[in-house]
Amino acid sequence: MARRRASAGGGNKAGGDGRKGPRGGRGEREPFSAPVDSGLAELLPDPERPDGWTLLLDGAPQSHVDLGDPAHLSFAYQRRLGHVIDLAAPPLQPLNVLHLGGGAFTLARYVAATRPRSTQQIVEIDAALVQVVRDRLPLDPRARIRVRATDAREGLGKFPDGWADLVVADVFGGARTPAHLTSAEFLTEVRRVLKPSGQYAANLADGPPLAHLRGQVATAAAVFPELALAADPVVWRGRRFGNAVLAASALPLAVADLTRRVASDPHPGRVEHGRALIDFTGGAAVVTDAAARPSPAPPPSVFENP
């Protein structure tokens with residue numbers, strides 16, 4: 001889930017009959033829409049990038065992908081997740097990556113472009129959306145990417161212990177993270193699937209008074225000894241609903257490098273870690289399966305064009 005950019009709006013919806021859309025190439029840069037399991041999927045051409053497309057679900061921007069340059073990440077939260085991916089291992093080193101939530105497969109494409117020969121698995125519950133993305137925004141056939149159409153937590157449970165170098169969670173249903181993906185039990189499963197040196201990265205969303213975000217940090221701290229959180233300054237101050245990227249690991253994170261990259265981004269953010277991040281939780285309780293709730297719904301203004 002991301003705030004809509006000015007370039008994502010506008011244009012009439014094309015019918016979902018398969019006759020026009022991104023698959024036709026640069027000569028047929030028309031919007032495309034089709035019903036999927038989770039609502040209405042729309043693919044809107046990016047007027048600023050000839051191979052760029054934005055995926056929306058029920059009007060909420062979910063992903064942006066550039067088929068001609070998959071290393072380009074348009075949304076700020078995607079770039080912050082990209083920073084975590086970049087810092088997870090030396091440059092170009094192939095990784096085993098599990099993506100919980102597929103969207104337009106943006107981050108899997110990014111890993112394939114920046115870390116060739118990586119082995120990746122995408123778990124996406126919306127089988128119809130997976131088919132739309134496969135058809136309209138095809139993956140590079142050379143990329144080692146497999147997609148499983150199933151629930152994120154169910155799919156996670158099928159992976160062996162210590163398989164992943166990196167688990168990336170970017171799961172939203174109706175612009176909210178499902179409750180069963182917010183608990184300590186869920187994160188315990190994530191840690192089981194990670195290698196001892198592995199890292200977890202998650203896209204979270206919250207707004208004032210940031211109760212959900214504080215609870216998610218407290219929950220992650222109960223499972224992982226090392227944490228960092230990146231967000232816009234206005235989100236940190238509780239003035240606006242927005243995204244926050246959580247990084248977690250059993251081993252120390254490259255916090256200084258992450259801080260520098262996030263601060264120098266075209267959309268600068270701030271990273272907190274250590275005692276300051278624990279203090280941010282304000283004593284929030286660890287979320288368990290029994291008490292878990294979906295992340296809060298964003299206000300309608302989040303998706304309005306500026």
Side-chain angles (χ1 to χ4, degrees), residues 14 16-34 36-38 41-46 49-57 62-75 78-79 81-82 84-86 88-152 155-156 158-160 163-171 193 201:
D17 59 5
R19 289 178 293 180
K20 291 185 177 181
R23 185 175 52 189
R26 295 187 182 184
E28 295 184 355
R29 294 269 297 169
E30 295 190 18
F32 171 84
S33 67
V36 295
D37 300 339
S38 53
E42 298 174 79
L43 292 173
L44 303 182
D46 183 342
R49 301 187 71 86
D51 294 306
W53 295 89
T54 300
L55 168 67
L56 288 77
L57 288 176
Q62 298 292 319
S63 299
H64 179 280
V65 63
D66 189 321
L67 298 180
D69 182 11
H72 172 79
L73 299 175
S74 182
F75 293 158
Q78 290 179 333
R79 290 194 298 273
L81 287 169
V84 176
I85 293 168
D86 292 344
L92 299 178
Q93 179 177 313
L95 299 177
N96 284 358
V97 185
L98 170 58
H99 301 267
L100 302 178
F105 310 159
T106 302
L107 291 169
R109 299 174 201 265
Y110 179 82
V111 172
T114 60
R115 296 183 178 277
R117 303 185 308 282
S118 291
T119 298
Q120 301 187 77
Q121 301 264 357
I122 299 172
V123 178
E124 167 59 57
I125 194 171
D126 192 328
L129 176 62
V130 167
Q131 196 59 53
V132 166
V133 173
R134 282 188 179 279
D135 289 346
R136 296 281 159 178
L137 305 173
L139 289 164
D140 184 338
R142 297 168 295 179
R144 300 178 181 179
I145 300 173
R146 179 182 176 187
V147 186
R148 302 183 181 189
T150 189
D151 172 76
L156 176 67
K158 294 180 180 179
F159 279 80
W163 180 84
D165 295 293
L166 187 64
V167 174
V168 180
D170 187 10
V171 186
V193 172

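What you see is a predicted model, and the numbers here were worked out from it, not measured in a lab.
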Engineer: Measuring from atom CG of Leu57 to atom OG of Ser63, what distance do you get when rounded to the nearest 0.5 angstrom?
Structural biologist: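 So the CG of Leu57 and the OG of Ser63 are separated by 8.0 Å.
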Engineer: Please round to the nearest 0.5 Å and tell me the distance separating atom CD1 of Ile125 and atom OG1 of Thr150.
Structural biologist: 6.5 Å
Engineer: Of the non-hydrogen atoms in Ala152 and Leu100, which two are nearest, and what is the gap between them?
Structural biologist: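 Shortest heavy-atom contact: O-CD2, 3.8 Å.
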Engineer: Sub-3.5 Å donor-acceptor pair from the side chain of Arg29 to the main-chain atoms of Asp46, do we have one?
Structural biologist: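 Yes, the answer is positive, given that a donor and an acceptor are paired below the 3.5 Å cut-off.
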Engineer: List the atom of Val123, the atom of Gly155, and the distance in Å for their closest heavy-atom pair.
Structural biologist: CG1-CA, 4.2 Å
Engineer: Quick one: CG on Leu43 to NE2 on His64, what's the gap to the nearest 0.5 Å?
Structural biologist: 11.0 Å
Engineer: Distance from Arg146 atom CZ to Gln120 atom CD, nearest 0.5 Å?
Structural biologist: 14.0 Å
Engineer: Determine yes or no for a side-chain-to-main-chain donor-acceptor pair under 3.5 angstrom, with Arg148 supplying the side chain and Ile122 the backbone.
Structural biologist: no
Engineer: For residues Glu124 and Val133, determine if any side-chain heavy atom of one lies less than 4.5 Å from a side-chain heavy atom of the other.
Structural biologist: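 Answer no - side chains too far apart.
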Engineer: Of Leu137, Asp135, Val132, which meets side-chain contact (heavy atoms from CB on, under 4.5 Å) against Phe32?
Structural biologist: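 The single option meeting the side-chain contact (heavy atoms from CB on, under 4.5 Å) with Phe32 is Val132.
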Engineer: Which heavy atom in Val171 sits nearest to a heavy atom in Gly101, and how many Å separate them?
Structural biologist: CG2-N, 3.7 Å
Engineer: Could you check whether any side-chain heavy atom of Gln78 comes within less than 4.5 Å of a side-chain heavy atom of Tyr110, counting everything from C-beta outward?
Structural biologist: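 In short, these two side chains do not touch, never coming nearer than 4.5 Å.
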Engineer: Measure the shortest side-chain to side-chain distance between Thr119 and Trp163 over non-hydrogen atoms and say whether it is less than 4.5 angstrom.
Structural biologist: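 With C-beta onward as the side chain, the pair touches.
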Engineer: Determine the minimum heavy-atom distance between Asp51 and Gly68, stating which atoms define it.
Structural biologist: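 Of all heavy-atom pairs spanning Asp51 and Gly68, the closest is CB-N, 3.4 Å.
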Engineer: Please round to the nearest 0.5 Å and tell me the distance separating atom CZ of Phe75 and atom CG of Leu81.
Structural biologist: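 So the gap between those two atoms works out to 12.5 Å.
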Engineer: Can you tell if the side chain of Trp53 reaches within under 4.5 Å of the side chain of Glu42, non-hydrogen atoms only?
Structural biologist: no
Engineer: Verify, without hydrogens or angle tests, whether Arg109 (side chain) and Ala104 (backbone) share a donor-acceptor contact under 3.5 angstrom.
Structural biologist: yes
Engineer: Any heavy-atom pair between the side chains of Leu55 and Phe105 that's under 4.5 Å?
Structural biologist: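 With C-beta onward as the side chain, the pair stays apart.
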Engineer: For His72, is there any backbone N or O sitting under 3.5 Å from a side-chain donor or acceptor partner on Asp66?
Structural biologist: no
Engineer: Tell me, do Val97 and Arg115 make a side-chain contact under 4.5 Å, heavy atoms counted?
Structural biologist: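 In short, these two side chains do not touch, never coming nearer than 4.5 Å.
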Engineer: Are side-chain heavy atoms of Pro94 and Pro116 found at a separation under 4.5 Å?
Structural biologist: no
Engineer: Strictly distance-based, threshold 3.5 Å: is any side-chain N or O of Asp37 a donor or acceptor partner for the main-chain N or O of Ala127?
Structural biologist: yes
Engineer: Shortest non-hydrogen contact from Pro138 to Leu67?
Structural biologist: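 Residues Pro138 and Leu67, closest heavy atoms: O-CD2, 4.3 Å.
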Engineer: Run the side chain to side chain contact (heavy atoms under 4.5 Å, CB included) test on Leu107 and Val111 for me, step by step, so that the C-alpha distance in whole Å, both residues' side-chain angles and the decisive distance to 0.1 Å come before the verdict.
Structural biologist: CA-CA 6 Å; Leu107 291 169; Val111 172; 5.6 Å; no
Engineer: May I ask you to decide if Asp165's main-chain N or O and Asn96's side chain share a donor-acceptor pair within less than 3.5 Å?
Structural biologist: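 No: the side chain of Asn96 does not pair with the backbone of Asp165.
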Engineer: Please name the pair of heavy atoms, one in Arg144 and one in Arg117, separated by the smallest distance, quoted to 0.1 Å.
Structural biologist: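 Reported closest heavy-atom pair: NH1-O, 3.3 Å.
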Engineer: With side chains defined as the heavy atoms from C-beta onward, is the minimum distance between Thr106 and Leu73 less than 4.5 Å?
Structural biologist: yes
